[in-house]
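Take a look at the structure set out below.
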Protein chains: 2
Amino acid sequence: MAATIRDVARLAGVSPSTVSRALSMPGVVNATTRARVQAAADRLGYEPNRAARGLITGRTGNIGLVVPDLANPFFPSVVKGVQARARASDVAVFLADTDEDARAEAGLVRALAKQVDGMILCSPRASQEDLAAIAQETTVVLVNRLVEGIAAVTFDNEGGMRQAVAHLVALGHRKIAWVGGPQTSWSSAHRILGLTAAARDSGAELIEVGHFAPTYDGGMAAADQAVATGATAVVTYNDLVAIGLLARLHARGISVPDDLSVVGVDDIAMSRMSRPALTTVRLPKQRAGEIAVELLLAVLDAPDPDTIVGSRGSLPGELIVRDSTGVAHRQARP
Amino acid sequence: MAATIRDVARLAGVSPSTVSRALSMPGVVNATTRARVQAAADRLGYEPNRAARGLITGRTGNIGLVVPDLANPFFPSVVKGVQARARASDVAVFLADTDEDARAEAGLVRALAKQVDGMILCSPRASQEDLAAIAQETTVVLVNRLVEGIAAVTFDNEGGMRQAVAHLVALGHRKIAWVGGPQTSWSSAHRILGLTAAARDSGAELIEVGHFAPTYDGGMAAADQAVATGATAVVTYNDLVAIGLLARLHARGISVPDDLSVVGVDDIAMSRMSRPALTTVRLPKQRAGEIAVELLLAVLDAPDPDTIVGSRGSLPGELIVRDSTGVAHRQARP
DNA sequence: ATGAAAGCGCTAACAG
DNA sequence: CTGTTAGCGCTTTCAT
């Protein structure tokens, strides 16, 4: 059995409360007793029981993290960022994968809520109402989604899309196709906003191809329709879709970027490895995870949380140019 | 504030102990009182506080899961399996990513140990001694690693490698190169055992190229040495390495599989998407995660854990043939 | 079948 | 500065 605070107290010849103070409010106890307590604790390998502490302080030192699908490489990156930042503050992370099931999401959140100080919901599938209800029960930080009154860290989707369009227009493209993500996706909706504005400003034509699963297969499915638009460049909801699209284009003998240019979003590891390497708008995924933890901790510690909830961060995307984008037409080249 | 057991008791007009019994030992209480308690609990949205329960029962209903690096696509799959199986048994999962740091591993385990009933250590980097020490403090299940006296779920590395060799030999290959993983990797060591035996049995020659990082860059680094061996086929530690190798070969103008055949291990999602698609030994990663949870739960519930610790599962690998393997030489073809 | 009481490990008042 | 007391929310004897 692991050592308790009473074991340490007995060994150090003090009361349990002194041990508690010596360990968590060092300034308040006599230096020599503190040293004695510390020594006893070390000798017994004492680690306070967080659950017991949480019972009385109301703070568990744990946070929850909910993601829709770890198989999408976007999320492990965010998780990694959350992990790293949480560890630095000595908080432990409960992870839940909802398998893209919006209902499971609500259930998991409720089950976890009791054991955590707050939760980070990553690209949640739940409805705005459910999210609001959840935020009522526990402190919540949203990643990649904006809901009134809830703290969030998002990406600058509009800015990222502007960069992509600027790049393509500079290469001579005037007709750009957009392969959208899931119908309900918050970020897909915002990306199209940026795309539309950028196309208008630069005199390019934007053609929406529709909504597809945010997966490799989704990209395969979208490819033929994208080609049929007659566009010379395609921007996809994310890199996974772009890579699926690339595969289908290759199978059809359509050369990228000679016949068609392709731009993705995310910059997952795979994008660098695809052939041709994928031009993409890099989203600082890991950083988003770190910031989400900081935001959550800040809200938890704030005397007036509302002031912080207002200050949400929007992280810039960065255009990474690789081989999948080229001039508008093979024929246009010398 | 969330409802407590006393709130439910008051509303139902019974004592807290009755509520406790009604909810967790339904057979023991009068049917009508049970109904009343249930109704009260539902109305208040009562969820028992697990931390408080754990304090007295000694069981938290939580498990810990430690992985070395979520950026390696192998691990998210295992995590997903663990998640799914844990959720089915209503247990919550603490996740920790150690960033390949063996020392951080030990520290994280100790920090988590107090809050969980047991831990799943996935391909741990820690030394055998550290692992044994950890297993002393808390119940442990190892994934992809074998240590005396600790429950584990492993993959049949030898069998997988035999399948790979049989496939290559059938295609006419007689000289096969092996690109190993990290020097300390348990699975790398076991894969080479299977490779050696299979090569001996089939009269093929096996050439070890050395140890490389289990990453894309590791594969890039290994490519030229693999080519220099004069082998007609290369088997790599994992798919990530194989894909890096593919990239370097392509850059050098070496055609796969015409000039060289390549086989990976794992069957990560990326392998299907690479060009050429990668022949690989599929490891049931997600299943391994599920089994790890089952094993852990079984050990926790067992009156005599040792009987279970003995019965570890070894999951078979499955050869998935794709485009990266072909006949021994371009010249050999008609 | 139910209630009262005790206590899991810890911290926070309150005395001293 | 330190010890004593009480109690977080829950389960589990022990009575009744």
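Per chain, numbering begins at 1; letters A, B, ... match sequence-line order.
For a distance-only test at 3.5 Å, the side chain of Ser17(A) qualifies as a donor-acceptor partner of the base of dT4(D). Between the side chain of Ser20(A) and the base of dA12(C), no donor-acceptor pair of N or O atoms lies under 3.5 Å.
No donor-acceptor contact under 3.5 angstrom links the side chains of Gln115(A) and Asn49(B), judged on distance only. Side-chain atoms of Ser17(A) and Ser20(A) include no donor-acceptor pair closer than 3.5 Å.
For the segment residues 31-62 of chain A, the set of residues with a heavy atom within less than 4.0 Å of an atom of DNA chain D comprises Thr33(A), Leu55(A), Ile56(A), in numerical order. Using a 4.0 Å cut-off on heavy atoms, the residues of residues 5-15 of chain B that approach DNA chain D are Ile5(B), listed by number.
Contacts of Tyr46(B) classified as ring pair (Phe, Tyr, Trp, His ring centres under 6.0 Å), with partners at least two apart in sequence or in another chain: none. Here Asp130(B) pairs with nothing under the salt bridge (Lys or Arg N to Asp or Glu O under 4.0 Å) rule; sequence neighbours left out.
Between the Asp117(B) side chain and the Thr60(B) main chain, a donor and an acceptor come within less than 3.5 Å of each other.
To the nearest 0.5 Å, atoms NZ (Lys285(A)) and CG (Leu315(A)) are separated by 11.5 Å.
Under the salt bridge (charged side-chain N to carboxylate O under 4.0 Å, His left out) criterion, the residue pairs touching residues 29-54 of chain A are Arg50(A)-Asp90(A), with sequence neighbours excluded.
One interatomic measurement links the two molecules: CE of Met25(A) to C1' of dT11(C), which rounds to 10 Å at whole-angstrom precision. As a whole-Å value, the separation of Leu23(A) CG from dT2(D) C1' is 15 Å.
Under the 4.0 Å criterion applied to side-chain N and carboxylate O atoms, Arg87(B) and Asp97(A) are not assigned as salt-bridge partners.
The side-chain contact (heavy atoms from CB on, under 4.5 Å) with Arg145(B) is formed by just one residue from the set Leu121(B), Leu131(B), Val153(B), Ile150(B); it is Leu131(B).
When every heavy atom of Ala92(A) is checked against every heavy atom of Leu112(B), the shortest pair comes out as CB-CD2, 4.0 Å.
Note on the helix from dA1(C)-dT16(D) to dG16(C)-dC1(D): angle between the axes of the first and last five pairs equals 40°, rounded to 10 degrees.
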